[in-house]
Amino acid sequence: MVMVDEIPFPPQITTTKPLSLFGHGITDIEIHFLQIQFTAIGVYHEHEVVGHLEQWKGKPGNVLAEDDDFFEALVNAPVEKFLRVVVIKEIKGSQYGVQLESTVRDRLAAVDKYEEEEEEALEKVVEFFQSKYFKKDSIITYHFPANSATAEIAFTSKGKEEAKIKVENANVVEMIKKWYLGGTRGVSATTISSLANGLSAELCK
């Protein structure tokens with residue numbers, strides 16, 4: 001197991017095929033001048049992702065971490081992606097949903113893609129999280145299939161059945177990916193740095 005802030009992440013998971021843990025990190029928030037660790041994140045990809053990033057071969061991780069074109073290529077690579085987010089600090093699901101909503105909405109509005117369909121799709125995701133309570137060790141997963149502009153979001157908490165929702169609006173799906181994988185604008189700098197170093201090492205092989 002790979003430990004991320006005392007939370008174990010399997011080095012490989014299998015969805016339709018085996019996916020490897022390419023990067024991990026945490027999100028934290030500042031409350032009354034204290035940094036509170038909020039979630040631990042693991043980013044899994046098909047190994048084939050490396051073939052879509054060949055033009056960055058030989059670049060060190062610290063350079064890739066600052067290169068948003070590299071992360072754009074990563075987001076758009078036609079390979080399966082899976083995000084595993086584990087709650088460290090318990091909060092209401094609605095608080096997480098509001099964060100996701102405002103980020104995705106702002107990113108879509110910035111590129112003039114926030115229309116009625118996007119608003120509806122985003123509202124469904126926010127409603128999905130609204131009724132949840134994020135206890136410590138609850139798990140949120142995002143599964144992005146290889147050649148489909150959809151996402152499946154799942155939530156599991158101790159003693160509760162897994163809840164799932166499918167997001168079928170391509171623009172919303174793209175911005176959810178970019179929330180976690182968006183280079184210098186990603187929600188977790190530690191995850192972006194870890195991904196950059198992990199992929200840099202793979203590209204050098």
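Each residue takes its place number in the sequence, starting with 1. What you see is a predicted model, and the numbers here were worked out from it, not measured in a lab.
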Engineer: Quick check: closest heavy atoms across R84 and P8, and the distance to 0.1 Å?
Structural biologist: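 For R84 versus P8, the nearest heavy atoms are NH1-O, 3.3 Å.
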Engineer: Taking the side chain as everything from C-beta on, heavy atoms only, tell me whether Y180 gets closer than 4.5 Å to K81.
Structural biologist: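 Y180 vs K81: side chains apart.
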Engineer: Look at the side chain of S193 and the backbone N and O of T190, then say whether any donor-acceptor pair between them is shorter than 3.5 Å.
Structural biologist: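 Checked: no pair found.
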Engineer: For residues L203 and V79: do they belong to one hydrophobic cluster (side chain heavy atoms under 4.5 Å, members Ile, Leu, Val, Met, Phe, Trp, Tyr)?
Structural biologist: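 Same cluster: L203 reaches V79 through Ile, Leu, Val, Met, Phe, Trp or Tyr contacts under 4.5 Å.
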Engineer: Hey, any chance V49 and F71 share a hydrophobic cluster, counting ILVMFWY side chains that come within less than 4.5 Å of each other, even indirectly?
Structural biologist: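 Linked, V49 and F71 end up in one cluster.
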Engineer: Is it the case that one hydrophobic cluster holds both M3 and I88, taking links as side-chain heavy atoms less than 4.5 Å apart, direct or via other members?
Structural biologist: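 Unlinked, M3 and I88 end up in two clusters.
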Engineer: Just how far is it from atom CD of Q35 to atom CD1 of I26, taken to the nearest 0.5 Å?
Structural biologist: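 Interatomic distance, Q35 CD to I26 CD1, rounded to 0.5 Å: 8.5 Å.
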Engineer: Hey, could you give me the OG1/CH2 distance between T27 and W179, rounded to the nearest 0.5 Å?
Structural biologist: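 Rounded to the nearest 0.5 Å, the OG1-CH2 separation comes out at 8.0 Å.
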Engineer: Run the salt-bridge test on E174 and K177 with the 4.0 Å N-O cut-off and return the result as yes or no.
Structural biologist: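 No, no charged N to carboxylate O under 4.0 Å.
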Engineer: Begin from the C-alpha positions of Q99 and F38 and carry the test side-chain contact (heavy atoms from CB on, under 4.5 Å) through to its verdict.
Structural biologist: CA-CA 13 Å; Q99 279 187 2; F38 173 42; 3.7 Å; yes
Engineer: Might you confirm whether atom CD of Q12 has over 12 heavy atoms from other residues, nucleotides or ligands at distances under 6.0 Å?
Structural biologist: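 Counting neighbours around CD of Q12, more than 12 heavy atoms of other residues, nucleotides or ligands fall under 6.0 Å, so yes.
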Engineer: Taking everything shown except E161 itself, do over 12 heavy atoms lie less than 6.0 Å from its CD?
Structural biologist: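 Counting other residues, nucleotides and ligands, CD of E161 stays at 12 neighbours or fewer.
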Engineer: Is there a side-chain contact between H45 and L74 in this structure, where contact means two heavy atoms from C-beta onward sitting under 4.5 Å apart?
Structural biologist: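 Yes, their side chains come closer than 4.5 Å.
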Engineer: Is there a side-chain contact between R185 and K178 in this structure, where contact means two heavy atoms from C-beta onward sitting under 4.5 Å apart?
Structural biologist: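 Side chain of R185 against side chain of K178, heavy atoms only: no contact under 4.5 Å found.
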Engineer: Using a 3.5 Å cut-off and no angle test, enumerate the donor-acceptor pairs between side-chain atoms of residues 141-149 and protein atoms at least two apart in sequence or in another chain.
Structural biologist:
| from | atom 1 | to | atom 2 | distance (Å) |
| --- | --- | --- | --- | --- |
| Y142 | OH | Y96 | OH | 2.6 |
| H143 | NE2 | E80 | OE2 | 2.7 |
| S148 | OG | T150 | N | 3.3 |
| S148 | OG | T150 | OG1 | 2.7 |

Engineer: Quick one, L21 and I13 - any side-chain contact, counting heavy atoms below 4.5 Å?
Structural biologist: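 No, too far: nothing below the 4.5 Å cut-off.
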Engineer: If we only count heavy atoms from C-beta on, is the T103 to V187 side-chain gap below 4.5 Å?
Structural biologist: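 T103 does not reach V187 side chain to side chain.
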Engineer: Quick one, L83 with L181, criterion side-chain contact (heavy atoms from CB on, under 4.5 Å). Give me CA distance, side-chain angles, the key distance, then yes/no.
Structural biologist: CA-CA 10 Å; L83 301 174; L181 306 174; 4.1 Å; yes
Engineer: Find the distance between CD1 (I41) and OG (S188) and round it off to the nearest 0.5 Å.
Structural biologist: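 The OG atom of S188 is 4.0 Å from CD1 of I41, to the nearest 0.5 Å.
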Engineer: Looking at every non-hydrogen atom in both residues, tell me the closest pair between V4 and A40 and how far apart they are.
Structural biologist: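 For V4 versus A40, the nearest heavy atoms are CG1-CB, 3.9 Å.
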Engineer: Decide, yes or no, whether a salt bridge links E152 with K164 under the criterion of side-chain N to carboxylate O below 4.0 Å.
Structural biologist: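 A salt bridge links E152 with K164.
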Engineer: For E6, does the CD atom have more than 12 heavy-atom neighbours from other residues, nucleotides or ligands under 6.0 Å away?
Structural biologist: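 Counting neighbours around CD of E6, 12 or fewer heavy atoms of other residues, nucleotides or ligands fall under 6.0 Å, so no.
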Engineer: Under 3.5 Å, is there a donor-acceptor pair between the side chain of N171 and the main chain of Y114?
Structural biologist: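 Judged by distance alone, no pair lies under 3.5 Å.
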Engineer: Could you tell me whether K89 atom NZ has more than 12 heavy atoms of other residues or ligands within 6.0 Å of it?
Structural biologist: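 At most 12 heavy atoms, drawn from other residues, nucleotides or ligands, come within 6.0 Å of this atom.
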Engineer: Below 4.5 Å, heavy atoms only, C-beta onward: do M1 and P10 meet side chain to side chain?
Structural biologist: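 Result yes, sub-4.5 Å side-chain heavy-atom pair found.
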Engineer: To the nearest 0.5 angstrom, please state how far the CD1 atom of I140 sits from the OG1 atom of T39.
Structural biologist: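 I140 atom CD1 to T39 atom OG1 measures 7.0 Å (nearest 0.5 Å).
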Engineer: At what distance, to the nearest 0.5 angstrom, does CD of E119 lie from CD of E101?
Structural biologist: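 Reported to 0.5 Å precision, the distance equals 8.5 Å.
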Engineer: Sort out for me which residue in Y133, F134, F129 forms a ring pair (Phe, Tyr, Trp, His ring centres under 6.0 Å) with F155.
Structural biologist: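 Answer after filtering Y133, F134, F129: F134.
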Engineer: Between F70 and W56, what is the ring plane arrangement, given parallel below 30°, perpendicular above 60°, and tilted in between?
Structural biologist: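 Ring orientation of F70 relative to W56: perpendicular.
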Engineer: Would you say E120's side chain and E117's backbone share a donor-acceptor pair under 3.5 angstrom?
Structural biologist: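 Not confirmed, E120 side chain does not pair with E117 backbone.
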Engineer: Between S200 and L64, which heavy-atom pair has the shortest distance, and what is it?
Structural biologist: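 So the minimum-distance heavy-atom pair works out to CB-CD1, 3.8 Å.
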Engineer: Quick check for you: to the nearest 0.5 Å, what is the distance between K132 atom NZ and I91 atom CD1?
Structural biologist: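 Answer for the NZ-CD1 pair, K132 versus I91, is 13.5 Å.
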Engineer: With a 4.5 Å heavy-atom cut-off, do H47 and F22 have their side chains touching?
Structural biologist: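 A side-chain contact exists here, since the closest heavy-atom pair is under 4.5 Å.
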Engineer: Is it true that, when you exclude K136 itself, more than 12 heavy atoms of the residues, nucleotides or ligands shown sit nearer than 6.0 Å to its NZ?
Structural biologist: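 Count over threshold, so yes.
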Engineer: When you look at K205 and E202, which way does the salt bridge (Lys or Arg N to Asp or Glu O under 4.0 Å) test go after all the steps?
Structural biologist: CA-CA 5 Å; K205 284 182 183 173; E202 284 296 322; 2.8 Å; yes
Engineer: So which heavy atom on A121 is nearest to which on N169, and how close?
Structural biologist: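 Here A121 and N169 meet closest at CB-CB, 3.6 Å.
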Engineer: Is there a path from F82 to V75 through hydrophobic residues (I, L, V, M, F, W, Y) whose side chains come within less than 4.5 Å of each other?
Structural biologist: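 No, it is not one cluster - the side chains of F82 and V75 are not joined through contacts under 4.5 Å.
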Engineer: The test is salt bridge (Lys or Arg N to Asp or Glu O under 4.0 Å); show your working for E118 and K113 and say whether it passes.
Structural biologist: CA-CA 8 Å; E118 283 73 28; K113 285 183 179 174; over 6 Å; no
Engineer: Tell me, do H24 and F9 make a side-chain contact under 4.5 Å, heavy atoms counted?
Structural biologist: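 Side chain of H24 against side chain of F9, heavy atoms only: no contact under 4.5 Å found.
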Engineer: Minimum heavy-atom separation for I192 and G182, please, with both atom names.
Structural biologist: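 In terms of heavy atoms, the two residues are closest at CD1-N, 4.1 Å.
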Engineer: Of all heavy-atom pairs between E66 and N62, which one has the smallest distance, and what is that distance?
Structural biologist: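 Minimum heavy-atom separation between E66 and N62: CG-O, 3.6 Å.
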Engineer: When you group the ILVMFWY residues by side-chain heavy-atom contacts below 4.5 Å and let the links chain together, are V126 and L108 in the same group?
Structural biologist: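 Hydrophobic grouping puts L108 apart from V126.
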